[in-house]
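Written below as structure tokens is the structure these notes are about.
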There are 2 protein chains.
Amino acid sequence: MRLTARSEYGVLALIDLAGRYGDGPVSARGVAERQHIPGKFLEQLFVSLRQAGLVTAVRGARGGFELSRAPGSITVLDVVEALEGPLQPTLCGGGSGCERGGACAAASVWTRATDALRSVLSTTSLSELAGAQSVFDATAGDPDVSL
Amino acid sequence: MRLTARSEYGVLALIDLAGRYGDGPVSARGVAERQHIPGKFLEQLFVSLRQAGLVTAVRGARGGFELSRAPGSITVLDVVEALEGPLQPTLCGGGSGCERGGACAAASVWTRATDALRSVLSTTSLSELAGAQSVFDATAGDPDVSL
DNA sequence: CGATACCCGACCGAAATGGTAGTGATTGGG
DNA sequence: CCCAATCACTACCATTTCGGTCGGGTATCG
């Protein structure tokens with residue numbers, strides 16, 4: 001139940017990659033500049049994203065990252081969990097933390113909250129977001145992404 | 001978008017108060033013992049809960065806290081926001097943090113996530129939880145709350 | 001070779017988290 | 001009237017997390 005800058009940056013970065021899907025590797029540096037993300041920090045995020053199997057790295061000059069699956073098959077939940085670990089309540093409801101066992105009324109609301117969150121995140125794909133972003137970029141004159 | 005132990009403890013504490021609503025003030029110490037919450041920490045939580053108008057304090061011997069409204073009119077969202085501040089994404093979607101203005105596709109998913117969370121929390125009242133808890137306590141033999 | 005890029009691990013300041021400690025102020029009961 | 005119970009307030013503290021930075025290593029293209 002903890003969403004930090006990692007998720008925010010990560011989603012922006014993968015939207016960027018989704019908008020260039022099929023164009024070959026995209027450098028982390030380019031993503032960082034277009035999305036205004038600290039470069040070295042973004043590198044760390046890409047490590048997690050690669051380990052989670054969401055992106056593929058191409059090393060060497062002219063290298064970079066590309067989505068390892070189609071943008072439509074990657075959800076925001078995938079990204080968030082890759083970057084922040086499993087999305088659990090951090091609270092009693094998730095695991096076996098609380099000594100009340102199942103006899104805890106509070107657990108139900110935390111569980112339902114997590115489920116609601118998970119539902120939203122898992123039904124939004126990168127292709128949707130990239131599509132929406134391209135519309136924004138077309139109406140505004142910002143060439144960052146549309147180039 | 002950050003739920004910590006404060007919320008978990010706070011909800012447990014107010015479920016305790018809800019189960020004794022109308023019986024006069026309940027001491028923080030009693031709540032702490034029944035709900036297994038560090039006493040001094042719980043005191044801090046009650047400060048926030050009182051400032052938010054959710055509980056009323058009665059000072060002096062035989063004092064304690066009581067819900068300042070009926071348990072059915074207090075939602076989990078009320079408790080969470082009293083203890084952790086306004087429930088916002090901590091991310092771009094909430095305020096005016098991101099320099100993209102409205103032209104940011106990522107913002108939409110954060111906003112929808114927050115809305116989903118808020119919806120769950122705001123439709124669950126203390127009376128519901130206290131009711132569920134009393135059922136648990138009746139089937140199990142734990143006299144902590146049923147006494 | 002050398003520039004470009006990913007890879008990896010260490011490090012770091014600031015803030016949040018989850019408490020603890022101590023001291024007052026207020027009140028009911030004996 | 002005094003004492004114990006109880007809330008009120010402030011300060012402090014250890015640990016972890018957050019958000020980043022730094023510096024080098026390694027692969028690859030031209």
Side-chain angles (χ1 to χ4, degrees), chain A residues 1-13 17 20 24-52 54-68 80 83-85 88-92 97-98, chain B residues 1-13 17 20 24-52 54-68 80 83-85 88-92 97-98:
Chain A
M1 196 69 83
R2 160 179 290 122
L3 293 218
T4 69
R6 288 174 68 88
S7 289
E8 183 160 15
Y9 286 152
V11 168
L12 288 175
L17 290 198
R20 296 151 184 274
V26 180
S27 78
R29 187 157 172 270
V31 174
E33 285 172 1
R34 283 188 297 273
Q35 305 299 330
H36 311 103
I37 303 173
K40 290 300 249 178
F41 192 41
L42 180 60
E43 267 191 38
Q44 292 182 21
L45 303 184
F46 270 125
V47 170
S48 300
L49 294 169
R50 176 175 51 80
Q51 289 171 346
L54 298 182
V55 301
T56 304
V58 178
R59 302 182 63 158
R62 287 281 297 168
F65 296 92
E66 29 190 6
L67 297 181
S68 47
V80 169
L83 294 172
E84 320 225 29
Q88 60 196 0
T90 310
L91 298 146
C92 154
C98 93
Chain B
M1 196 67 81
R2 161 178 291 120
L3 294 220
T4 68
R6 288 174 69 88
S7 290
E8 182 160 16
Y9 286 152
V11 167
L12 288 175
L17 290 198
R20 295 150 186 276
V26 179
S27 78
R29 187 157 172 270
V31 174
E33 286 172 359
R34 283 188 297 272
Q35 306 298 330
H36 310 102
I37 303 171
K40 291 301 251 179
F41 192 40
L42 180 59
E43 267 190 37
Q44 293 182 20
L45 303 184
F46 271 124
V47 169
S48 299
L49 293 169
R50 175 175 51 81
Q51 287 171 346
L54 299 182
V55 302
T56 304
V58 179
R59 302 181 62 157
R62 284 283 296 169
F65 296 92
E66 29 190 5
L67 296 181
S68 47
V80 168
L83 293 172
E84 321 224 28
Q88 61 197 1
T90 310
L91 299 146
C92 153
C98 93

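Here is the naming used below: chain letters follow the sequence lines, and residue numbers restart at 1 for every chain. Note that these values count all heavy atoms, side chains included, but never hydrogens, waters or copies made by symmetry.
- If you take CE on B:Met1 and CZ on A:Arg2, they are separated by 13.0 Å, rounding to the nearest 0.5 Å.
- Summarising the geometry, the separation between CZ on B:Phe41 and P on C:dG22 is reported as 19 Å, rounded to the nearest angstrom.
- Using a 4.0 Å heavy-atom cutoff across all strands shown, A:Val47 reaches no nucleic acid atom at all.
- In this structure, B:Glu84 contributes its side chain and B:Thr4 its backbone to a donor-acceptor pair below 3.5 Å.
- The CD atom of A:Glu84 sits 12 Å away from the C1' atom of D:dG19 (whole-angstrom rounding).
- Of all the heavy atoms in A:Ala13 and A:Leu42, the pair that sits closest is CB-CD1, 3.9 Å.
- Shown here for A:Val26 and A:Arg34, the closest heavy-atom pair between the two residues is CG1-NH2, 3.3 Å.
- Going from atom CD of A:Glu66 over to atom P of C:dA5 covers 15 Å, rounded to whole Å.
- Distance CG (A:Leu45) to P (D:dG19): 10 Å, rounded to an integer number of Å.
- The nucleotide whose nearest atom lies closest to any side-chain atom of B:Glu43 is, among D:dA8, D:dG20, C:dT20, D:dA8.
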Residues B:Phe46, B:Leu17; criterion side-chain contact (heavy atoms from CB on, under 4.5 Å); working and verdict: CA-CA 12 Å; B:Phe46 271 124; B:Leu17 290 198; 4.0 Å; yes
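- Closest approach of B:Gly63 to B:Pro25, counting heavy atoms only: C-CB, 3.7 Å.
- Atoms CZ (A:Arg50) and C1' (C:dC8) sit 10 Å apart, rounded to a whole Å.
- At whole-Å resolution of the value, CG in A:Leu42 and C1' in C:dC7 are 14 Å apart.
- Minimum atom distance to the side chain of B:Ala57 is reached by D:dA8, of the listed D:dG20, D:dA8, C:dC6.
- Spacing between atom CG of A:Leu49 and atom C1' of C:dC6 amounts to 14 Å, rounded to whole angstrom units.
- Here the closest non-hydrogen pair linking B:Phe41 and B:Arg6 is CZ-CG, 4.1 Å.
- Only at 4.0 angstrom or more do the heavy atoms of residues 24-32 of chain A sit from any atom of DNA chain D, so none qualifies.
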Nucleic acid footprint by protein, nucleotides 24-30 of chain C - heavy-atom cut-off 4.0 Å, B for base, S for sugar-phosphate alone: BBBBS--
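- Across all non-hydrogen atoms, the minimal contact from B:Leu83 to B:Gly10 is CD1-CA, 3.6 Å.
- Closest heavy-atom contact between B:Arg50 and B:Ala57: CD-CB, 3.8 Å.
- A straight line from CG of B:Leu83 to P of C:dT17 spans 12 Å, rounded to a whole angstrom.
- Summarising the geometry, atom CZ belonging to B:Phe65 is positioned 7.0 Å from atom CD belonging to B:Glu43; distances are rounded to the nearest 0.5 Å.
- Distances shown here put every side-chain N or O of B:Arg6 at or beyond 4.0 Å from the OP1 or OP2 atom of C:dA16.
- Closest approach to the B:Lys40 side chain among D:dA8, C:dC6, D:dG19 is made by D:dA8 (side chain taken as heavy atoms from C-beta onward).
- Side-chain atoms of B:Gln44 and base atoms of C:dT20 include a donor and an acceptor less than 3.5 Å apart.
- As judged by a 4.0 angstrom heavy-atom cut-off over every strand, A:Phe46 is placed among residues making no nucleic acid contact.
- Of the side-chain N and O atoms in B:Tyr9, one or more sit less than 4.0 angstrom from OP1 or OP2 of C:dG19.
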